[in-house]
Amino acid sequence: MKTVAVVGVQWGDEGKGKIVDLLAADADVVVRFQGGNNAAHTLVVDGEKFILRMIPAGALQGKVCVIGNGMVVDPLALVEEIDGLKRRGRALSPADLKISYDAHLILPYHGAIDRAREARLGGRAIGTTGFGIGPAYEDKMARVGLRFEDMNERAAFAERLERNAREKNALLKGVLKAAPLKVTELVEQVLRARNRLRPYLCDTAAYVREAIGAGRRVLFEGAHGVMLDIDHGTYPYVTSSNCGASAVFGGAGVAPGQLDGVLGISKAYATRVGGGPFPSEMSGALADSLRDEGAEFGSATGRPRRIGWFDAVLARHAVRLNGMVGLAVTKLDVLTGIDPLKICVGYESGKTRFDEVPASRRLLAKVKPVYETLPGWSDDVSGARNLGDLPVNARRYLARIAELSGTRLMMVGVGAGREAAIVIENPFAD
Ligand code: GDP
Ligand code: IMO
Ligand code: MG
């Protein structure tokens, strides 16, 4: 395949960053096409840890990185991210990083609105990252958002920014009972970021289309996961974008026939940050130990992640919805020493059994999981580089996951480092 999309199968944090970094070695261009800095993609290269929020995870492989039109971009946070990489010897020039003119801006008032709304929801809060993702996408859809293109004319941009900020302040004060923002300071801050980011602006859709036309390999890096998808996830406990492969077309500006395949990324178990249904969630000592072993604390917000068993019903849903040609199963190493292991293979509600995701997402919050039990293993798997290096029970566990998910196993993660993986089938192999 020449063009591959990487998509999260669960509720995000599946290890997409690590897999994208690994696959980027064989790609020419890496493109983010949705979401914003609610994403946090962790890369561990030569023992050094990097967390990328908006910059695609091809940056450490020296590949061209594209911020597509479907993203929402916080200009202040992006400048910080670019500077952070530069301080660590990874400067990105406009030849390395290309930002779409059409991407919408996340402005300081979006974050303030997001946080104020969450505070007012109390126990019913979504548990957002508080970075203004929902309010920024709202403005985009309401056709009042500001885009990078609007930065071209400084005075007109400053004027619209100021007008929007005053309107949002009225909302913050009058309706949400939150503190308004200082408009002059806000405008100055954003104008400073504007000056820094303008050299990176580009017609990214044309750039990506031309790259594909020229036979270059393009990797599309999804953020979040299918269960956080605005349409197909556990609404309203979702993020505000489509997180599946369909978003590649709208969010990067490429045609459906130009995407050769979709690789799903899933943990060998499951996690979720924030509120919402999680049928295979576990609690108690085992959850605590998996959280510690797997370092399951949100990379974006530091919140402890909720922990559960692998849910094959949801995985099958994600695979079918996205036509995933294969799975990369990460964090197998974290399950070492847990015996027996469970896989959720269906749900029950009263006398009704579900083998598929119930249409009602409210019901999903109430169902009881049906488990299949498999034997675990105790040998350290972190040094495995071939399937044959794994204990037989680990291989059986992986084979069962692939079988139940309805796709094939292409990669396995056995540690956080770039090298800690088993590549059974490289999607970029001809
Ligand atoms: P993403 O948002 O999907 O890119 O995932 P995150 O980076 O937010 O969270 C995944 C976490 O698991 C990060 O801390 C990674 O360094 C780590 N990780 C990824 N793959 C593996 C793996 O196979 N084993 C272990 N132990 N850690 C992994
Ligand atoms: P990556 O790309 C995990 C979750 C938030 C919250 C819900 C809505 O790193 O996998 P938002 O701020 O998007 O409005 O929050 O979505 N969420 C994620 N959880 N990983 C992510 O991204 C997430 N992006 C959003 O925790 O529950
Ligand atoms: Mg993450």
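Atoms within a ligand are numbered from 1 in the order they appear, just like the ligands themselves.
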Can E403 and R400 be said to form a salt bridge (charged side-chain N to carboxylate O under 4.0 Å, His left out), step by step? CA-CA 5 Å; E403 185 184 14; R400 189 66 181 137; 2.9 Å; yes
Less than 3.5 Å between some nitrogen or oxygen of G15 and one of ligand 1, yes or no? yes
Within a strict 2.8 Å cut-off of the Mg ion (ligand 3), protein N/O/S atoms tallied 2
E296 versus Y269, side-chain donor and acceptor atoms under 3.5 Å: yes
Using a 4.0 Å heavy-atom threshold (strictly under), name the region of H41 that reaches ligand 1: side chain, backbone, both or neither. both
Do me a favour and list the nearest non-hydrogen protein atom to atom 4 (O) of ligand 1 with residue, atom name and distance? G17 N, 2.8 Å
If you measure from each non-hydrogen atom of R272 to ligand 2, which part falls under 4.0 Å: side chain, backbone, both or neither? neither
Consider every N or O of K16 and every N or O of ligand 1, then say whether any pair is closer than 3.5 Å. yes
Return the closest protein heavy atom for atom 15 (C) of ligand 1 as residue, atom name and distance. T42 CB, 3.9 Å
How far is atom 24 (N) of ligand 1 from its nearest protein heavy atom, and which residue and atom is that? D333 OD1, 2.8 Å
Which residue holds the protein heavy atom closest to atom 18 (C) of ligand 2, what is that atom called, and what is the gap in Å? L228 CD1, 3.5 Å
Considering only non-hydrogen protein atoms, determine which one is nearest to atom 10 (C) of ligand 1 and report residue, atom name and distance to 0.1 Å. D13 O, 3.6 Å
Would you say the side-chain atoms of R272 and T234 include a donor-acceptor pair closer than 3.5 Å? yes
Is the contact between T128 and ligand 2 made by the side chain, the backbone, both, or neither, using heavy atoms and a 4.0 Å cut-off? both
Any cation-pi pair here, R305 with F297, using under 6.0 Å and within 45°? no
Nearest-contact summary for atom 21 (C) of ligand 1 - protein heavy atom, Å: G415 O, 3.3 Å
Output the list of atoms in ligand 1 that are nearer than 4.0 Å to some heavy atom of E14, sorted by atom number. 3 (O), 5 (O)
Looking only at distance, does A40 have an N or O less than 3.5 Å from an N or O of ligand 1? yes
For the 3.5 Å polar cut-off, considering only N or O atoms, please tell me whether L332 and ligand 1 meet it. no
Indicate, as side chain, backbone, both or neither, the part of W11 found under 4.0 angstrom from ligand 2 when only non-hydrogen atoms are considered. backbone
What residue and atom, counting heavy atoms only, is the protein's closest point to atom 5 (C) of ligand 2, and at what distance? G127 O, 3.6 Å
Are the side chains of R32 and V66 in contact, using a 4.5 Å heavy-atom criterion? no
Protein contact of atom 8 (C) of ligand 2 - nearest heavy atom, named by residue and atom, plus distance: V238 O, 3.3 Å
Taking atom types as modelled, find out whether T336 and W377 have a side-chain donor-acceptor pair closer than 3.5 angstrom. yes
